[in-house]
Amino acid sequence: SILYIDFGNEENVPIERIQPLPANIQHFCPCAMECRIAGVVPVVNKWSDECCITVRQMLTGKAVTVKLLEATEKEGVHAVDIVLSMRMMLSSFLIKNGFGQRETTSVPPTEQDIIAMLSASFENYKRLSDGKDDNEWAQPPEPLTQAVGDQFLVVLTHFVSPSDLVVQKVENAELIRDLQLKLRDHCAQISTPQNFRPAPGTVCCAQFSEDKQWYRAKVLAYPSEERVCVAYLDFGNSEEVDLSQLLPITPALLTIPMQAILCALAGVHPVGENWSRDCILSLQCQLSNRLLRLKIHGVQEGKTLVSMVDEASDPQVDFAELLITACYATPASDSASANLPAEETTAPAETMPPAVPEPLVWTSAELPSDGQTVTLFTSIVESPGRFYCRLADPEGGDSLQGLKKFMELEAQLKQHCEGEASPYFPKVGEPCCAPFSGSGSWCRALVNGRSDDDVGVYLVDYGHNMTAKSSHLRSITPKLLTLPFQAVCCWLAGVDPIGSEWSSEALLWFQNLLDGEQLSARVLSVTEQGYGLEVISRGQNIAAALIAEQMAKAIGVPVGAKHEQVESTTTKENGGNEQEDSVEVAGGIQTAVASEIAGFPVDWKTVELPLNESFQPYVAGVISPSLFYVLGPTQIDQNKLQEVMKEVAAYCSIYQGTLSTGMKSRPSAGAACCAQFSGDKNWYRAVILEVGENELSVIYADYGNTEKVPSSQILPIPAHLLQLPFQIIRCTLAGGENFPEQWPEEVLQACRAELVNAVLAKVQSFDGSANALSLTLPAERDGVQLTSLVLDKLNAFNKTNPDTNQKLDDAPGVPDGPQSKLVPEPQLELEHKPAPVDTTGSTKPSLKKQVRLHLLVIK
């Protein structure tokens with residue numbers, strides 16, 4: 001769902017219709033302004049369809065005169081009114097036609113207003129109070145006594161904002177339940193007295209309008225002669241009720257302390273003047289219907305300052321920190337200095353030495369280049385060749401502490417800039433404070449250029465360049481420069497774009513994967529421009545993923561040729577250590593990337609069966625007499641298998657979440673892969689038996705069962721998931737030197753039928769790739785060798801089908817033993833495509849693989 005910010009309309013679009021904004025387009029403010037009609041609200045909860053249609057017909061596509069009445073910068077919505085053709089304002093038109101009503105303004109009452117309301121309330125009470133029971137004896141009970149540092153479990157009973165909420169102790173739940181039962185019994189036994197008119201400030205029993213139950217309540221005021229405003233002492237909420245819904249209370253019911261604890265979250269202030277609606281709704285949802293661990297920090301303005309933690313969540317959530325992290329709140333500033341005696345904060349003017357400006361000294365954050373992995377947050381993501389990050393915590397703490405320091409800095413910047421009124425003259429190369437366009441928040445910046453009143457600044461904690469008016473900038477203090485500049489310029493090491501520049505698909509994929517994410521990174525190279533990083537996001541090596549998606553290519557030379565290239569570079573450049581080092585880094589990057597690349601290998605390592613041993617095999621899958629699979633006679637280590645299954649599940653969930661599911665190349669029969677089993681939707685290691693148009697037949701390599709699955713449920717498998725040998729064992733029929741490359745279907749069917757019968761097997765040899773088995777039919781089938789039977793059927797087929805004999809001999813098919821997958825000729829044109837990495841050491845690259853490596857080196 002997108003919003004066209006220069007036109008104001010919205011629509012849902014497929015992801016392929018979204019392109020990154022070119023970097024050379026200046027960041028002008030959106031042309032469309034969001035507006036609302038001022039001074040009028042809908043009659044019901046929302047504007048009616050009839051109203052919307054009428055206004056749309058009146059205004060769409062027409063030039064109108066708009067009167068700006070109020071601009072709320074925080075919400076970005078302009079309050080306006082529109083002059084209609086009949087010289088009537090749109091707000092008046094909506095009210096006249098019954099679509100809307102006048103908006104009631106919530107202006108805070110003045111002191112005179114409050115006095116007038118209290119006087120009116122008292123007059124409403126007094127007017128009919130002569131000779132009535134004023135209930136003066138029933139004063140509010142004592143509140144619960146607490147001490148700073150106390151901790152206990154609570155539940156939320158009333159919520160207004162983070163600065164105004166009410167809780168009850170969980171440990172008092174039984175006491176509150178007994179109190180409610182006593183209130184119910186007491187109120188059921190008495191009738192409403194005609195002369196009962198409790199005075200404001202006294203306590204009585206009040207019937208809550210929603211559940212019709214009776215609760216202890218304090219009389220607040222009389223809005224009218226027969227209506228009373230009450231506050232429920234044990235729950236914190238209040239409402240207006242009829243006088244008939246009040247009953248006298250007994251002294252026994254006042255011996256129990258008030259159970260409602262009026263609280264405010266400690267350590268936080270709203271970002272603006274008041275808490276935003278989004279903040280209130282979000283926090284109310286988080287706090288409701290939960291057991292919360294509360295800790296008391298102090299008392300302020302009659303409210304208990306507390307911190308609250310949801311211990312049931314994983315990880316545990318501190319709600320004050322959650323508000324700061326979500327940018328709903330800023331850390332509360334230390335106001336201790338306001339309480340110092342005057343003599344400690346002021347001095348006689350004549351004794352003040354002349355002010356000497358303190359020099360501005362700043363530093364920039366640095367990433368460790370000793371190979372350690374660090375946690376980073378992205379701030380600006382342009383492309384794999386340039387993005388900006390900041391350390392989660394520059395001092396080596398956890399990421400939450402780093403975020404808190406950063407939020408504290410923003411609060412200090414806001415306080416400084418809003419109180420700074422002296423003129424400022426920016427100088428190129430010096431730090432200053434600049435307002436970030438769009439959000440209104442203040443940022444640290446370096447001046448990098450001037451043109452008349454326009455000043456170019458670089459936001460040093462974000463990596464963003466922008467232009468601001470000179471009058472909008474503020475000077476900065478040395479204290480605000482204590483924290484090193486946070487933005488670090490980075491690039492993804494080891495990859496280059498396929499063409500001359502990064503494709504739009506690669507940019508969008510890269511930005512979506514990194515933008516706003518917490519990254520694990522390791523520095524591989526350092527220059528004056530920044531850091532070349534190996535980056536892990538959501539468990540995925542980003543460079544390897546880009547290459548696997550064919551959105552990038554590995555840079556440098558093939559791993560096997562690295563030392564030769566270094567030597568030639570050194571020979572050409574006497575003392576060329578810098579070049580040599582750079583080549584070594586590039587080679588090291590390529591090795592790391594290549595080892596991470598997933599594919600569909602056919603030369604996966606298989607178990608070697610004992611020679612000359614006879615056994616009755618369980619044939620699990622058959623591709624041809626030249627290639628079939630038997631289930632291993634020995635059980636695999638279940639603990640190791642379970643560990644591999646966990647890694648398979650983690651890898652597949654990450655791969656599906658970060659890469660496109662469509663296969664970039666078609667796997668061949670005999671290739672290893674990851675397949676999603678239809679029975680439980682879990683991922684398993686598998687081997688492909690047959691490749692169809694839209695689905696593939698696979699055998700699950702650790703269990704032996706087979707099924708057909710859609711191609712969307714097949715993923716390439718990385719080398720580290722092949723280290724534990726499969727439970728199925730790759731085999732070939734002994735004596736098959738004259739077997740054809742492509743088999744007639746009827747011969748294959750006959751062979752498969754014989755293989756699944758009770759044949760007797762004997763291991764003849766193992767060539768490092770497959771076990772050659774001599775298979776004998778049962779005695780009731782005359783104990784014939786299966787190889788002889790297959791050759792006889794093949795000869796018989798050739799005699800009856802002489803025209804197909806030559807075609808079968810010439811046709812490419814499944815090789816006698818597993819080989820590296822043949823590379824289609826067009827793919828040889830791709831430059832620097834990384835060669836397959838043999839992790840097993842069990843087989844040598846085929847001739848075709850060697851030739852392809854040679855061609856890449858030449859290019």
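The model shown is predicted, which means the values in this text are computed figures rather than measured ones.
With sequence neighbours left out, the ring pair (Phe, Tyr, Trp, His ring centres under 6.0 Å) criterion links F726 to W604. Q727 pairs by the side-chain hydrogen bond (donor to acceptor under 3.5 Å, both in side chains) definition with nothing, not counting sequence neighbours. Under the rule for a side-chain hydrogen bond (donor to acceptor under 3.5 Å, both in side chains), the partners of Y684 that lie at least two apart in sequence or sit in another chain are D680. Remark: S774 pairs with Q785 by the side-chain hydrogen bond (donor to acceptor under 3.5 Å, both in side chains) rule, at least two apart or across chains. With sequence neighbours left out, E647 forms a side-chain hydrogen bond (donor to acceptor under 3.5 Å, both in side chains) with no residue at all.
Considering every non-hydrogen atom in both P740 and L794, the closest pair reads CD-CD2, 3.5 Å. For G735 against T787, the heavy-atom pair with the smallest separation is O-CG2, 3.6 Å. In plain terms, the two heavy atoms of V619 and F628 that are nearest each other are CG1-CD1, 4.4 Å. Between A545 and Q540, the shortest heavy-atom distance links the atoms CB-NE2, 3.3 Å. Taking each heavy atom of C751 and V790 in turn, the nearest pair found is SG-CG2, 4.2 Å. Summarising the geometry of V630 relative to C731, their closest heavy-atom pair is CG2-SG, 3.7 Å, with the distance given to 0.1 Å.
Between F600 and L715, the closest side-chain pair of non-hydrogen atoms is not below 4.5 Å. In this structure the side chain of N639 never reaches within 4.5 angstrom of the side chain of E643, judged on heavy atoms. In this structure, I623 and W743 have side chains that are not in contact, with every pair of non-hydrogen atoms separated by 4.5 Å or more. By the 4.5 Å heavy-atom criterion applied to side chains, P617 and V759 are counted as neighbours. A 4.5 Å side-chain heavy-atom check between S624 and L748 finds at least one atom pair inside the cut-off. Between F510 and V381 the shortest side-chain heavy-atom distance falls below 4.5 Å. In this structure, the side chains of R730 and S769 come closer than 4.5 Å at one or more pairs of heavy atoms. Using a 4.5 Å heavy-atom threshold, the side chains of V784 and T776 count as separate.
The salt bridge (Lys or Arg N to Asp or Glu O under 4.0 Å) analysis of residues 787-799, with sequence neighbours excluded, yields no pairs.
Remark: E11 CD to I2 CD1 distance equals 5.5 Å, nearest 0.5 Å. Distance check: S537 OG to L519 CG gives 5.0 Å after rounding to the nearest 0.5 Å. Distance check, rounded to the nearest 0.5 Å: CZ of R522 to CG of L376 gives 13.0 Å. Taken from CG in L492 to CZ in F387, the straight-line distance is 6.0 Å, to the nearest 0.5 Å. For the atom pair M645 CE and Q642 CD, the distance stands at 7.5 Å (nearest 0.5 Å). Within the model, atoms OH of Y531 and OG of S369 stand 7.0 Å from one another, a figure rounded to the nearest 0.5 Å.
S503 places a side-chain N or O within donor-acceptor distance of the main-chain N or O of A506, the cut-off being under 3.5 Å. Counting only distance, with no hydrogens or angles, the side chain of S626 and the backbone of T732 share no donor-acceptor pair below 3.5 Å. Within the 3.5 Å criterion, the main-chain N or O of E382 finds a donor-acceptor partner in the side chain of Q511. Under the 3.5 Å distance criterion, the side-chain polar atoms of D767 are left unmatched by any main-chain donor or acceptor of A772. In this structure a side-chain-to-backbone donor-acceptor pair under 3.5 Å is missing from Q764 to L773. No donor-acceptor pair under 3.5 Å is formed between the side chain of N541 and the backbone N or O of I536.
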### Task
Apply the test side-chain contact (heavy atoms from CB on, under 4.5 Å) to residues L533 and L367: give CA-CA distance (whole Å), side-chain angles for both, the deciding distance (0.1 Å), then the verdict.
CA-CA 10 Å; L533 302 182; L367 303 184; 3.9 Å; yes
### L760 vs F615, side-chain contact (heavy atoms from CB on, under 4.5 Å): CA-CA, chis, key distance, verdict
CA-CA 6 Å; L760 185 65; F615 64 99; 6.0 Å; no
#### Entry: Worked verdict on E707 versus S678 for side-chain hydrogen bond (donor to acceptor under 3.5 Å, both in side chains)
CA-CA 9 Å; E707 73 168 343; S678 62; 2.7 Å; yes
### Task
Might you work through the side-chain contact (heavy atoms from CB on, under 4.5 Å) test for E608 and N771, ending with a clear yes or no?
CA-CA 7 Å; E608 179 181 0; N771 295 273; 4.3 Å; yes
### Task
Start with the C-alpha gap between V495 and I547, add the side-chain angles, then the distance that decides, and say whether side-chain contact (heavy atoms from CB on, under 4.5 Å) holds.
CA-CA 8 Å; V495 292; I547 295 173; 3.9 Å; yes
### Task
For the pair Y703 and F677, evaluate ring pair (Phe, Tyr, Trp, His ring centres under 6.0 Å) and give the outcome as yes or no after the intermediate values.
CA-CA 12 Å; Y703 300 92; F677 181 46; 8.8 Å; no
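Residue Q749 places its CD atom among more than 12 non-hydrogen atoms of other residues, nucleotides or ligands, all under 6.0 Å distant.
A salt bridge links D702 and R685; the closest N-O separation between the charged side-chain nitrogens and carboxylate oxygens is under 4.0 Å.
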